[in-house]
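Below you'll find the structure, written out as structure tokens, and then a few comments.
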2 protein chains.
Amino acid sequence: MNNYSKQREVILDVIKNNPIHPTAEEIYQLTVKKEPKISKSTVYRNINILVDMKKINKVKMTVGPDRYDYVYKEHSHMICERCGKIFDFYYNFNKDDISKNLKQQLKENIIIDNITIYGICEDCKSKNEKEEF
Amino acid sequence: MNNYSKQREVILDVIKNNPIHPTAEEIYQLTVKKEPKISKSTVYRNINILVDMKKINKVKMTVGPDRYDYVYKEHSHMICERCGKIFDFYYNFNKDDISKNLKQQLKENIIIDNITIYGICEDCKSKNEKEEF
DNA sequence: CTTTAAATTAGGAATAATTCCTAATTTTGT
DNA sequence: ACAAAATTAGGAATTATTCCTAATTTAAAG
């Protein structure tokens with residue numbers, strides 16, 4: 001497990017140099033330019049391996065396919081539930097206190113990996129005002 | 001838009017009475033018992049309508065299909081990234097302060113809908129210890 | 001450097017999850 | 001009771017992802 005592979009290196013490089021939270025499909029499109037013979041299953045398999053290795057994050061979307069994120073610095077995401085836009089932001093969540101609460105309520109020691117906020121961005125809010133909500 | 005529909009009522013009822021975070025498929029299986037002629041597309045369509053109406057929440061999973069949650073009281077979710085188990089929990093996030101930070105960093109007024117924690121549960125942690133991580 | 005075992009690959013088939021399409025039915029407001 | 005709008009069942013189509021296999025690449029050991 002985890003032998004060297006050129007393809008995996010190129011995939012990680014693509015994600016690193018395209019900090020736009022690309023989807024698997026977008027990663028494939030960017031990778032195939034540099035490595036024309038690569039297959040989509042190789043891209044999917046390596047994305048999952050890189051997530052396991054914690055070199056990249058999977059960002060769970062409410063609309064459309066999941067997106068991926070190079071791990072360069074700990075940060076949170078706010079994801080618009082309507083348009084799916086992802087915003088990076090930094091917030092000093094009190095993880096110790098959250099852990100303590102999780103422990104009390106769930107009777108389990110949880111490893112907190114990331115905290116994601118789902119909401120509505122300003123664009124979508126103003127669109128909705130014009131319509132019905 | 002939003003005429004009365006028996007099917008929608010039954011679907012909401014099913015979700016209300018099965019607070020197990022069911023998937024769309026599970027909701028269909030439960031609904032079809034009460035409404036044998038209902039089609040899966042009707043279930044999917046109404047689930048989305050109920051989410052828009054904020055009667056139910058969509059819970060974004062890391063493994064497997066999304067799950068749904070009757071909105072009876074505001075709470076957060078901790079989702080295990082490995083096994084996909086969902087834990088409900090209550091935590092008094094300082095939403096005002098988070099909003100202020102979002103405003104500062106993103107230059108947008110964001111409506112915070114929910115805050116989700118992704119992590120590793122105790123079972124999965126101890127499994128991993130035995131294996132490789 | 002050969003040899004061998006393990007890991008990885010390309011390519012496509014298969015599966016899973018969800019949305020879309022259409023004609024028929026139901027609901028709403030008059 | 002009627003017309004317009006909304007919703008439905010059923011299935012086709014699409015989207016996203018995983019699985020399968022034989023061939024290739026990599027690592028490690030002599």
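Scope of the values below: all heavy atoms of this structure, side chains included, with no hydrogens, waters or symmetry mates. Protein chains get the first letters and strands the later ones, always in sequence-line order, with residue 1 at the start of each.
In this structure, V63(B) stands alone, with no Ile, Leu, Val, Met, Phe, Trp or Tyr side-chain heavy atom under 4.5 Å from its own, directly or through other members. If you chain together ILVMFWY residues whose side-chain heavy atoms come under 4.5 Å of each other, I98(A) ends up grouped with M78(A), F87(A), F89(A), Y91(A), F93(A), L102(A), L106(A), I110(A), I112(A), I115(A), I117(A), M78(B), F87(B), F89(B), Y91(B), F93(B), I98(B), L102(B), L106(B), I110(B), I112(B), I115(B), I117(B). Alongside V59(B), the hydrophobic cluster contains V59(A), M61(A), I79(A), I86(A), Y118(A), M61(B), I79(B), I86(B), Y118(B) (criterion: ILVMFWY side chains under 4.5 Å).
Rounded to whole angstrom, the span from the CE atom of M61(A) across to the C1' atom of dA16(D) amounts to 14 Å. The CG-P distance, from D66(B) to dT15(D), rounds to 18 Å in whole Å. Atom CZ of R67(B) and atom P of dT18(C) are 11 Å apart (whole Å). Here the P atom of nucleotide dA7(C) and the CG atom of D52(A) are 15 Å apart, to the nearest Å. Atoms CE (M53(B)) and C1' (dT7(D)) sit 14 Å apart, rounded to a whole Å.
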What is the per-nucleotide protein-contact pattern of nucleotides 21-30 of chain D, from the 5' end, where B denotes a base atom under 4.0 Å from a protein heavy atom, S denotes such proximity for sugar-phosphate atoms only, and - denotes neither?
-----SS---
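Qualifying salt bridge (Lys or Arg N to Asp or Glu O under 4.0 Å) partners for K55(A), counting only residues two or more places apart in sequence or in other chains: none. Every residue was checked against the ring-ring contact (aromatic ring centres under 6.0 Å, His included) condition with Y90(A), not counting sequence neighbours, and none meets it. Legend: residues meeting side chain to side chain contact (heavy atoms under 4.5 Å, CB included) with E26(B), ordered by chain and number and at least two apart, are P22(B), T23(B), R67(B). Under the salt bridge (Lys or Arg N to Asp or Glu O under 4.0 Å) criterion, E9(B) pairs with no residue at all, not counting sequence neighbours. Residues that satisfy the ring-ring contact (aromatic ring centres under 6.0 Å, His included) test with H21(B), not counting sequence neighbours, are H77(B). For the salt bridge (Lys or Arg N to Asp or Glu O under 4.0 Å) test, no residue two or more places apart in sequence or in another chain qualifies with K16(A).
Salt-bridge check for K95(B) with E74(B): passed, with a basic side-chain N closer than 4.0 Å to an acidic carboxylate O.
The rotation axes computed at either terminus of the helix from dC1(C)-dG30(D) to dT30(C)-dA1(D) lie 40° apart, taking five pairs at each end and rounding to 10 degrees.
Taken residue by residue, residues 25-50 of chain B places heavy atoms nearer than 4.0 Å to DNA chain D at K37(B), I38(B), S39(B), S41(B), T42(B), R45(B), N46(B).
Look at Q7(B) and you'll find a side-chain N or O under 4.0 angstrom from OP1 or OP2 of dA9(D).
Side chains of D97(B) and S99(B): a donor-acceptor N/O pair is absent below 3.5 angstrom, by distance only.
Map R8(A) and N2(B) each onto its nearest nucleotide of DNA chain C; the residue landing nearer the 5' end is R8(A).
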